[in-house]
Amino acid sequence: MGSAQAFLCLAVVLAMAAAAAAQAKHSQCLDNPPDLSLRGGEAGKVVSDLPGGFRAYVTGKAKSRHAVVLASDVFGFEAPILRKIADKVGEAGYFVMVPDFFNGDFYDTSKNISEWIKFHSPVKAAEDAKPLFAALKKEGKSIAVGGYCWGGKFGAKVAKTDDIKVVCLSHPSTVTADDMKEVKCPIEILGAQNDTSTPPKLVYQFVEVLRQRTQIPYFAKIFPGVAHGFACRYNTTDPFAVRTAEEALAYMLDWFNKYLK
Ligand SMILES: *[C@@H]1O[C@H](CO)[C@@H](O)[C@H](O)[C@H]1NC(C)=O
Ligand SMILES: *[C@@H]1O[C@H](CO)[C@@H](O)[C@H](O)[C@H]1NC(C)=O
Ligand SMILES: *[C@@H]1O[C@H](CO)[C@@H](O)[C@H](O)[C@H]1NC(C)=O
């Protein structure tokens with residue numbers, strides 16, 4: 001190889017490495033931020049001063065003995081689509097709570113995610129939420145957690161406690177195969193074919209761990225043709241995206257109906 005050719009080759013390799021790094025840095029967790037103008041027609045309301053100091057969007061059947069806590073992605077509990085999902089879960093007969101785990105400091109694209117996440121760890125939030133779960137249990141409610149993206153890690157952490165009966169993780173982020181070793185309740189994982197945050201091969205690793213845990217019911221599904229965020233941050237004018245998200249919600253509800261007793 002002549003030196004000019006070698007140089008060219010090196011340049012191509014470097015360009016490819018740079019592209020790969022940019023790809024790795026780009027987080028799908030920050031794609032498709034919610035469109036707040038879609039708000040309206042909500043069935044629930046925001047309540048403050050809940051145990052643990054939280055406020056939350058609450059909807060559904062207040063007297064239900066079954067509570068579903070939905071843990072949002074980094075964009076927080078004001079997202080219109082997430083609230084619609086909460087209302088639909090409520091229509092299925094549950095008491096539903098979507099806590100504001102960020103105390104109003106929602107991620108938006110003007111913020112540096114590495115800085116923001118330092119103050120909003122899902123692992124710490126799972127600790128901080130203990131009083132919230134305790135209060136629901138004291139009211140005689142058994143609890144399910146449905147976590148999306150950031151909330152998926154929250155859900156995985158809470159699933160290691162005795163506080164909840166069942167968990168569903170939709171396109172989780174930063175969940176590890178090791179997390180699966182300690183999960184104590186039935187767990188459902190809804191992944192996406194094009195998810196670069198929790199790619200299908202990572203979901204298979206979760207399944208490999210769960211397969212060996214014969215006491216823990218699990219279910220995993222990879223939805224084709226969609227990317228990370230598909231269950232709660234989808235294009236509302238794209239029929240395929242809408243249908244896929246509805247399907248994900250139906251899977252979550254079936255899972256809760258089966259195990260939330
Ligand atoms: C974001 O913050 C991290 C440190 O937490 C820093 O290394 C990085 O350069 C910042 N990114 C931008 C785009 O400012
Ligand atoms: C999924 O990935 C394929 C192949 O990279 C791409 O053609 C398609 O547009 C992606 N779809 C979505 C919804 O991200
Ligand atoms: C949403 O979906 C519609 C219909 O498929 C499409 O025309 C539009 O470009 C999409 N919007 C975004 C932001 O991808």
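Every number for a ligand or one of its atoms is a count from 1 in the order of the listing.
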Task: Non-neighbouring partners of D238 that pass side-chain hydrogen bond (donor to acceptor under 3.5 Å, both in side chains), sequence neighbours left out - done: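 Listed in chain order: nothing, the list is empty.
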
Open item on the list: Please enumerate all residues that pass side-chain hydrogen bond (donor to acceptor under 3.5 Å, both in side chains) together with E42, with sequence neighbours excluded.
Closed with: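 If we apply the side-chain hydrogen bond (donor to acceptor under 3.5 Å, both in side chains) test to E42, skipping adjacent residues, the hits are R39, R83.
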
Task: Test item: R233 side-chain N/O and D31 main-chain N/O as donor-acceptor pair under 3.5 Å - done: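 Checking the backbone N and O of D31 against the side chain of R233, a donor-acceptor pair under 3.5 Å is found.
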
- [ ] May I ask you to decide if Y148's main-chain N or O and S170's side chain share a donor-acceptor pair within less than 3.5 Å?
- [x]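 Side chain of S170 to backbone of Y148: no pair is present.
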
Open item on the list: For residues 135-146, which residue pairs pass the salt bridge (charged side-chain N to carboxylate O under 4.0 Å, His left out) check, not counting sequence neighbours?
Closed with: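 Output for this query lists K137-D163, E139-K141.
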
- [ ] Please say whether E115 places an N or O atom under 3.5 Å from an N or O atom belonging to ligand 1.
- [x]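 There is such a contact, yes.
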
- [ ] Please determine, by modelled atom types, if D178 and T176 share a side-chain donor-acceptor pair under 3.5 angstrom.
- [x]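 Their side chains do not contain a donor-acceptor pair, so the 3.5 Å distance test is not met.
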
Task: Within the 4.0 Å heavy-atom sphere of ligand 3, strictly under, residues - done: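 The 4.0 Å shell around ligand 3 contains N235, T237, D238.
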
